[in-house]
*Asks:* 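Take a look at this one; I'll ask things after.
Naming: A, B, ... by sequence-line order, numbering from 1 per chain. Being a predicted model, the structure only gives us computed values, none of them experimental.
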There are 2 protein chains.
Amino acid sequence: MTTTDKECPMHKTALLLSDPWTMLLMRDLLTGPRRFCDLERSLVGISTRTLTLKLKKLEEERMLKKSKEGTYVITRKGKGLAPVERAMRRYGEKYL
Amino acid sequence: MTTTDKECPMHKTALLLSDPWTMLLMRDLLTGPRRFCDLERSLVGISTRTLTLKLKKLEEERMLKKSKEGTYVITRKGKGLAPVERAMRRYGEKYL
DNA sequence: CGGCATCCTACGCGATACTG
DNA sequence: CAGTATCGCGTAGGATGCCG
């Protein structure tokens, strides 16, 4: 029997990634630090408002942090998403 | 340089999973066929409306199909999500 | 049981304009 | 460059009621 309550690890991860931008943003940061304008350019179509909000939320969740130089850097917790990123990319390549 | 256009596999997968319910629903079906009311019970909090819409959308995308007996069965394309499901679950267990 | 139809609200997000 | 502020809209999704 599966669970969907808030304690379920799948549920929590699903909530974390339940918007189109978060994973795309984290994917970018997995390749290295980025400035605001870098992200704005690679995340084609995102508004400054949304980018600001996502960065703030992910910073609060300690998935990333802002460096002294003003770039956004992924944390250990954020790096943990690498296997998810890989699995999603492979799925897309194979089935979509 | 990363891409965010519609041809990017990551982008397509991210869009597919960009709501809280889809992955939870697919996770359930990965363990076996389910009836409407089974899903309704395990996906705590989902409305019949949303469940109906998600099922319809995922059926159109051929992630699942409805069997003669009325149960929902995952397709090969849907089964391909298993590695993503595993990665997400492990991430939740480890970091969330 | 397995839905479909309606209604209504919340909010995610883009567009735009402005500031340090 | 790196945001913040405001507005306005589309739509995802819950609540409810009805039906074969």
Side-chain angles (χ1 to χ4, degrees), chain A residues 1-6 8 10-29 32-61 63-74, chain B residues 1-6 8 10-29 31-61 63-74 78:
Chain A
M1 155 126 184
T2 52
T3 336
T4 317
D5 70 86
K6 300 305 162 61
C8 171
M10 244 314 284
H11 194 223
K12 290 192 278 192
T13 309
L15 280 182
L16 179 69
L17 305 180
S18 67
D19 73 285
W21 295 117
T22 295
M23 200 57 195
L24 260 15
L25 174 51
M26 294 307 287
R27 184 268 310 264
D28 274 13
L29 291 186
R34 292 283 184 279
R35 286 175 305 159
F36 192 89
C37 68
D38 295 331
L39 294 167
E40 217 169 3
R41 267 189 291 270
S42 65
L43 300 175
V44 181
I46 199 169
S47 63
T48 75
R49 173 182 142 58
T50 301
L51 182 52
T52 304
L53 292 177
K54 292 300 167 199
L55 286 169
K56 192 167 300 175
K57 182 186 146 233
L58 290 169
E59 196 174 359
E60 280 167 7
E61 284 163 345
M63 307 287 295
L64 57 86
K65 60 186 171 53
K66 201 191 289 192
S67 70
K68 312 253 179 185
E69 304 83 45
T71 58
Y72 293 93
V73 186
I74 202 163
Chain B
M1 155 128 182
T2 51
T3 336
T4 316
D5 71 84
K6 300 306 163 59
C8 170
M10 243 313 284
H11 194 222
K12 291 192 278 191
T13 309
L15 280 181
L16 179 69
L17 305 180
S18 67
D19 75 285
W21 295 117
T22 296
M23 199 57 195
L24 260 15
L25 174 51
M26 294 307 287
R27 185 268 311 264
D28 274 13
L29 291 187
T31 70
R34 293 282 184 279
R35 286 175 306 160
F36 192 89
C37 68
D38 295 331
L39 294 167
E40 218 168 3
R41 266 189 293 270
S42 64
L43 300 174
V44 181
I46 199 170
S47 63
T48 76
R49 176 178 186 282
T50 300
L51 182 52
T52 304
L53 291 177
K54 292 300 168 200
L55 286 169
K56 190 168 302 176
K57 181 186 148 234
L58 290 169
E59 195 174 0
E60 281 168 7
E61 284 163 343
M63 307 288 294
L64 57 85
K65 60 185 172 54
K66 201 190 288 192
S67 72
K68 313 252 178 183
E69 304 83 44
T71 58
Y72 293 93
V73 187
I74 203 164

*Asks:* Produce a footprint string for nucleotides 15-20 of chain D: one letter per nucleotide, 5' end first; B if the base is under 4.0 Å from any protein heavy atom, S if only the sugar-phosphate is, - if neither.
*Replies:* B-----
*Asks:* Just jot down the side-chain hydrogen bond (donor to acceptor under 3.5 Å, both in side chains) partners of B:S18, sequence neighbours excluded, or say none.
*Replies:*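 Scan of B:S18 (side-chain hydrogen bond (donor to acceptor under 3.5 Å, both in side chains), adjacent residues dropped) gives none.
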*Asks:* Quick one: salt bridge (Lys or Arg N to Asp or Glu O under 4.0 Å) partners of B:R49, sequence neighbours excluded?
*Replies:*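 So B:R49 forms no salt bridge (Lys or Arg N to Asp or Glu O under 4.0 Å) with any residue.
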*Asks:* Expressed in angstrom and rounded to an integer, what is the separation of B:Y72 atom OH from C:dC1 atom P?
*Replies:*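 Atom OH in B:Y72 sits about 14 Å away from atom P in C:dC1.
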*Asks:* Looking across every strand, which nucleic acid part, if any, lies under 4.0 Å from A:T52 by heavy atom: base, sugar-phosphate, or nothing?
*Replies:*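 If one applies the 4.0 Å heavy-atom cut-off, A:T52 turns out to touch a base.
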*Asks:* Mind checking what makes side-chain hydrogen bond (donor to acceptor under 3.5 Å, both in side chains) contact with B:T52, not counting sequence neighbours?
*Replies:*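 side-chain hydrogen bond (donor to acceptor under 3.5 Å, both in side chains) check on B:T52 returns nothing, list empty.
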*Asks:* Using the C1' atoms of five pairs at each end, what's the angle between the two axes of the helix from C:dC1-D:dG20 to C:dG20-D:dC1, to 10 degrees?
*Replies:*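 Here the helix ends are tilted 40° relative to one another.
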*Asks:* Return the set of residues passing side-chain hydrogen bond (donor to acceptor under 3.5 Å, both in side chains) with B:T71 (not counting sequence neighbours), or none when no residue passes.
*Replies:*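 So B:T71 forms a side-chain hydrogen bond (donor to acceptor under 3.5 Å, both in side chains) with B:S67.
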*Asks:* Taking OP1 and OP2 of C:dC13, is either one under 4.0 Å from a side-chain nitrogen or oxygen of A:K54?
*Replies:*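 Yes, A:K54 has a side-chain N/O under 4.0 Å of OP1/OP2 on C:dC13.
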*Asks:* Using a cut-off of strictly less than 4.0 Å, decide whether B:K56 has a side-chain nitrogen or oxygen near OP1 or OP2 of C:dG3.
*Replies:*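 For B:K56, the contact criterion (side-chain N or O under 4.0 Å from OP1 or OP2 of C:dG3) is not met.
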*Asks:* List for me each residue that meets side-chain hydrogen bond (donor to acceptor under 3.5 Å, both in side chains) alongside A:E60, sequence neighbours excluded, and say none if there are none.
*Replies:*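 Result, side-chain hydrogen bond (donor to acceptor under 3.5 Å, both in side chains) vs A:E60: none returned.
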*Asks:* Which part of the nucleic acid, if any, lies within reach of B:K66 when heavy atoms closer than 4.0 Å are counted: base, sugar-phosphate only, or nothing?
*Replies:*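 Contact class for B:K66: sugar-phosphate only.
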